[in-house]
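In what follows, a single structure is set out as structure tokens and then discussed.
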Amino acid sequence: MAVQKPDGTQDMLPNEALFWDHFKSTAWDIFSRYGYQPIETPLFEQTDLFVRGIGESTDVVSKEMFQTISGNNMAKLASYAIDHHDELAQLPTSEDRAQQMVSGALKNKSRLSMRPEGTAGTVRAIAQHGLITQGGAPVKLMYAGPMFRAERPQKGRQRQFNQVGVECLGAEDASIDAEGIIMLMRFYREIGIPVQSTRLLLNSIGCASCRPAYRKALKDYLLAHADFLCDDCVRRADINPLRAFDCKNPECQKVMEHAPRITDYLCDDCRAHYHAVTSYLDAQGITYSEDPTLVRGLDYYTRTVFEIQVDNGMGSQNAIGGGGRYDGLMKEIGGTACPGFGFALGYERCALALSAVGIEPKESPKSDLYVACVDAVEKPLAFNLVQALRDAGISADMDHQDRSLKSQFKQAGKMGVRLTVVIGPDEVAAGVVKLRDMSDHSERDLALDATMNYLGDHADAHDLSVEDLLA
Ligand code: AMP
């Protein structure tokens, strides 16, 4: 069998790739009105960035990261395994042995992972390039591109998927959170996801001063209910009890229904911040549901967290976007402490939500105009005409396979062109070409020299449209 694409990846065929472009440009158009500018960061980063930023105990970091190992480093790992065989054999699990090999054999700089999300890399770039200048905060950046998570593939859950996201660094004010959420809801509306099919969930998960007391209360609760929890959640009680809210196990979910709520533990500042966010949203008529169990899967969040879900019949794969505030992330990755806010939305899940309301990637015409020749002898003339059309800004194509005239018309039809130009011996003798409007089959002659001159006059401006030829 021919080689297939890897599981959990998707080929974007031309109409889908065009749809992705439209998706991004709609986002750019809206987000730039809010002062966001584009940034592109590497598809892989030092593993340490994600471990420190997203959190070692999160599923994303502990289970789902694609670590990349070059051939050279593979050899270092093999040598390390041979030299430290006895030491490694004493470690309890194969995961522990693998971890030890990677950290023992490779320097920080060589431990690399494909990015599972865009925030950590963007915040790293902001710190590395000193983008937050005196008096210049906040810095607002937007990105779009593939993310990689080694999850079990299913509909709406891929191993390589695309996100559009924004990050705003340097402002703690609740107005940033509110404008971000409003901007995201506007995007969904403009791209075509009906507001009534979306659900905006909102919560505050507190800050470094009020979360510890909550963590303690939650840990005590989890340990008191350990008999009813899965092994992962019992382990989470110690490492990161908030993660238990994300557990998909129905028994654990039942226990978590009665778990202590963060909202009862918020300090006055966090409470005021949350109240300010909701007041801004209320004033703009944004509908949301407050969900005190919403904690989201990444450790860096503080205060505001939110998620947008759709009714798409895909169960837990119904989140089409989410984000929140991360006031401690910049410091965590080694930069100067600086508050932050951001969100990411998943392109593939939005595409599914759009498909559910009948919006699909459209086939688009490959060219506006086709130049057909009656005989091969007219081909050089056709070739020059096609180049002149393209130079002037009109998308045009011709036959490259010595097709008969009939087959050329067929190809033009398949391409969905608006106009076909026909050049034959009679036309050449008369110094004209025939221009056929494919919508009503009307034909007219165009003087060849005048047409070439006209196109030549627009060669550098390349601003002609197909309508100009009909005019
Ligand atoms: P997260 O970075 O986990 O907050 O995810 C933000 C958005 O990315 C989610 O709301 C989804 O729309 C999308 N997303 C996350 N993981 C996947 C995945 N494995 N496959 C497809 N989309 C995803």
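This one's a predicted model, so the numbers in the text were calculated from it and none came from an experiment. Order of appearance sets the numbers: ligands from 1, and atoms from 1 within every ligand.
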Quiz item: Cut-off 3.5 Å, side chains only: do Tyr274 and Glu290 have a donor facing an acceptor?
Solution: yes

Quiz item: Exactly which residues line ligand 1, taking a heavy atom under 4.0 Å from it as the test?
Solution: Arg149, Glu151, Gly156, Arg157, Gln158, Phe161, Gln163, Arg296, Ala319, Ile320, Gly321, Ala344, Gly346, Arg349

Practice problem: May I ask you to decide whether Asp232 forms a salt bridge with Lys63, counting only side-chain N to carboxylate O separations under 4.0 Å? | Solution: yes

Practice problem: Check whether any side-chain N or O of His275 sits under 3.5 Å from a backbone N or O of Arg271 as a donor-acceptor pair, and report yes or no. | Solution: no

Quiz item: Under 4.0 Å between a Lys/Arg side-chain N and an Asp/Glu carboxylate O for Arg303 and Glu172?
Solution: yes

Practice problem: Salt-bridge test for Glu151 and Arg159: reply yes if a basic N is under 4.0 Å from a carboxylate O, no otherwise. | Solution: no

Quiz item: Does any pair with a residue in residues 96-119 pass salt bridge (Lys or Arg N to Asp or Glu O under 4.0 Å), and if so which ones, sequence neighbours excluded?
Solution: none

